[in-house]
Protein chains: 2
Amino acid sequence: MKENILKEKRLRITPFRKEVLQIFIENEHAISTQDIERSLGEHDRITLYRTIKSFINKGVIHEIVMPGDVKKMALCDPVCSHDDGLHEHNHIHFQCKKCEEVYCVEVDKLPNVKLHDFEIDEMEIQARGTCKACLKM
Amino acid sequence: MKENILKEKRLRITPFRKEVLQIFIENEHAISTQDIERSLGEHDRITLYRTIKSFINKGVIHEIVMPGDVKKMALCDPVCSHDDGLHEHNHIHFQCKKCEEVYCVEVDKLPNVKLHDFEIDEMEIQARGTCKACLKM
DNA sequence: TATACAAATGCAACAATATTGCAAGTATGA
DNA sequence: TCATACTTGCAATATTGTTGCATTTGTATA
């Protein structure tokens, strides 16, 4: 529930934040700033930028950057309770080549990658292919 | 050699392009547009943007977008001979948490990931940790 | 080697996206 | 309910990238 998410992340509950959060909840896939602007009615763009920034910093949403300049955002997993922009997820980011939508897809466990001279702490996977909905068509 | 790379990718050899390409060759790690601008002397910003765009389209360099950071670019693998912005690499993108630099690191083979309802064609891995140089310190 | 032509450059104007400072309004804990 | 720190909304400004167009330049070809 919207109020709870905001409260948990120690963000003040304001009408605007609830409105923006609602848009994220309604969307199964990741959305861009533009998508949000379209969904909102009349609004102040600066406030939106700041809202997005605090949502990211407090772990409400996370940024997804896919190759080719697509910057989108999606709700964080409930486990992602880290403050200060440190996010912890167990999913990969998937972009469908047909519908272009970006999804966060759960995986049981992320694969292990070893490098020779580099020590890996965290890993993020971005995949492209065909999504659930488009496979059925 | 600079001229060869440009010729192979069917790009005209101009002084400006050689200069920009040289900057990529000199850098072991990925660089941003800003980095390039700093390395160049007096120059035209528009021409640089167009140069970058044709380098990407012809497979001379590729873009790397790490979460929460500026866009960077690095030379493509020699195998990456695809035109029209289709890139094919066998490396992962690694950002060091200490020095913040981004590297393309070769791997023998990329791990296999299977998803339930999504069909994966291509995959890209972004990792964070400690780089070669910083491990030694 | 000269030349014709497509490609690249450089300038001006413009467009989109994001940030900062500040005054006014508002949520929340005491 | 009140004080205060947080949030909002506006103006101004910064950053990043694009388009159109006249001029210059690289390169294939005669």
Side-chain angles (χ1 to χ4, degrees), chain A residues 1-23 30-61 63-73 83-85, chain B residues 1-24 30-73 83-85:
Chain A
M1 197 230 195
K2 294 192 287 294
E3 274 84 354
N4 288 344
I5 295 180
L6 292 173
K7 196 168 274 180
E8 262 172 36
K9 309 288 177 166
R10 270 168 286 152
L11 281 164
R12 285 198 176 170
I13 298 160
T14 69
F16 189 74
R17 285 181 175 166
K18 284 200 285 184
E19 220 180 322
V20 174
L21 188 49
Q22 182 60 36
I23 296 171
I31 54 180
S32 65
T33 307
Q34 279 190 9
D35 293 332
I36 301 172
E37 297 217 59
R38 269 192 293 272
S39 295
L40 287 170
E42 186 88 357
H43 69 281
D44 183 62
R45 238 154 43 89
I46 292 107
T47 304
L48 177 57
Y49 285 131
R50 284 195 270 226
T51 301
I52 289 173
K53 193 170 276 186
S54 42
F55 277 14
I56 292 176
N57 284 337
K58 298 289 181 166
V60 179
I61 61 174
E63 256 186 303
I64 306 168
V65 258
M66 298 297 287
D69 270 351
V70 206
K71 191 156 110 183
K72 303 213 173 190
M73 293 156 294
D83 271 61
D84 292 327
Chain B
M1 196 229 193
K2 293 191 291 292
E3 273 85 354
N4 289 345
I5 294 180
L6 291 173
K7 195 169 272 180
E8 263 172 35
K9 309 287 180 166
R10 270 168 286 152
L11 281 165
R12 287 197 176 171
I13 298 160
T14 69
F16 189 73
R17 284 181 176 167
K18 284 200 284 184
E19 220 179 321
V20 174
L21 188 49
Q22 182 59 36
I23 295 170
F24 278 103
I31 54 179
S32 66
T33 307
Q34 280 190 8
D35 294 331
I36 301 172
E37 297 217 59
R38 269 193 293 272
S39 295
L40 287 170
E42 186 88 356
H43 68 281
D44 184 62
R45 234 158 40 87
I46 293 106
T47 305
L48 176 58
Y49 284 127
R50 284 194 272 226
T51 301
I52 288 173
K53 192 170 276 185
S54 42
F55 277 13
I56 292 174
N57 285 335
K58 298 289 182 166
V60 179
I61 60 174
H62 63 286
E63 261 185 299
I64 307 167
V65 260
M66 299 296 287
D69 201 37
V70 274
K71 200 165 56 177
K72 302 210 172 190
M73 294 156 293
D83 272 59
D84 293 328

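Quick note: numbers below take in every heavy atom, side chains included, and nothing from hydrogens, waters or symmetry partners. A, B, ... follow the sequence lines: proteins, then strands. Residue 1 opens every chain.
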Handout entry: Closest nucleotide among D/dG9, C/dT19, C/dA18 to the A/Thr47 side chain
Key = D/dG9
Round to a whole Å and report the spacing from [atom1] of [X] to [atom2] of [N].
| X | N | atom1 | atom2 | value |
| --- | --- | --- | --- | --- |
| A/Tyr49 | C/dT20 | OH | P | 13 Å |
| B/Glu63 | D/dT16 | CD | C1' | 13 Å |
| B/Arg17 | C/dG10 | CZ | C1' | 14 Å |
| B/Leu6 | D/dG26 | CG | C1' | 12 Å |
| A/Arg10 | D/dA5 | CZ | C1' | 16 Å |
| B/Leu40 | C/dT9 | CG | P | 12 Å |
| B/Glu19 | C/dG10 | CD | P | 10 Å |
| A/His43 | C/dT17 | NE2 | C1' | 12 Å |

Handout entry: Separation between OH of A/Tyr49 and CG of A/Asp44, rounded to the nearest 0.5 Å
Key = 10.5 Å
Exercise for the section: First locate atom CD1 of A/Ile5, then atom CD1 of A/Ile13, and finally report the distance between them rounded to the nearest 0.5 Å. Expected result: 11.0 Å
Practice task
Compare every heavy atom of A/Phe55 with every heavy atom of A/Arg17, then report the nearest pair and how far apart it is.
Solution key: O-CZ, 3.7 Å
Practice task
Give the minimum heavy-atom separation between A/Lys58 and A/Arg10, together with the two atoms involved.
Solution key: NZ-O, 4.3 Å
Practice task
Please answer whether the main-chain N or O of A/Gly59 pairs with a side-chain N or O of A/Lys9 as donor and acceptor at a distance below 3.5 Å.
Solution key: yes
Problem - Any donor-acceptor N/O pair, A/Asp35 side chain to A/Ser32 backbone, under 3.5 Å - result: yes
Problem - salt bridge (Lys or Arg N to Asp or Glu O under 4.0 Å) involving B/Lys18 - partner list, sequence neighbours excluded - result: B/Glu3
Problem - Below 4.0 Å: OP1/OP2 of D/dT16 and any side-chain N or O of B/Lys71 - result: no
Problem - Contact under 4.0 Å: A/Lys53 side-chain N or O vs C/dT19 OP1/OP2 - result: yes
Practice task
Give one of base, sugar-phosphate or nothing for B/Gln34, where a contact means two heavy atoms less than 4.0 Å apart.
Solution key: sugar-phosphate
Practice task
Identify, between A/Glu37 and B/Ser54, the residue whose nearest nucleotide on DNA chain C lies closer to the 5' end.
Solution key: B/Ser54
Show me the protein contacts with nucleotides 28-30 of chain C, counting only N or O atoms at under 3.5 Å.
{"from": "C/dT28", "atom 1": "OP1", "to": "A/Ile13", "atom 2": "N", "distance (Å)": "3.0"}

Problem - Contact check, side chains of B/Ile52 and B/Glu63, non-hydrogen atoms, under 4.5 Å - result: no
Below 3.5 Å is the cut-off: list the nitrogen or oxygen pairs between protein and nucleotides 11-15 of chain C, distance only.
{"from": "C/dC11", "atom 1": "N4", "to": "B/Arg50", "atom 2": "NH2", "distance (Å)": "3.3"}

Handout entry: A/Asn57, A/Leu21, A/Thr51, A/Leu6 screened by side-chain contact (heavy atoms from CB on, under 4.5 Å) with A/Leu11, the one that passes
Key = A/Leu6
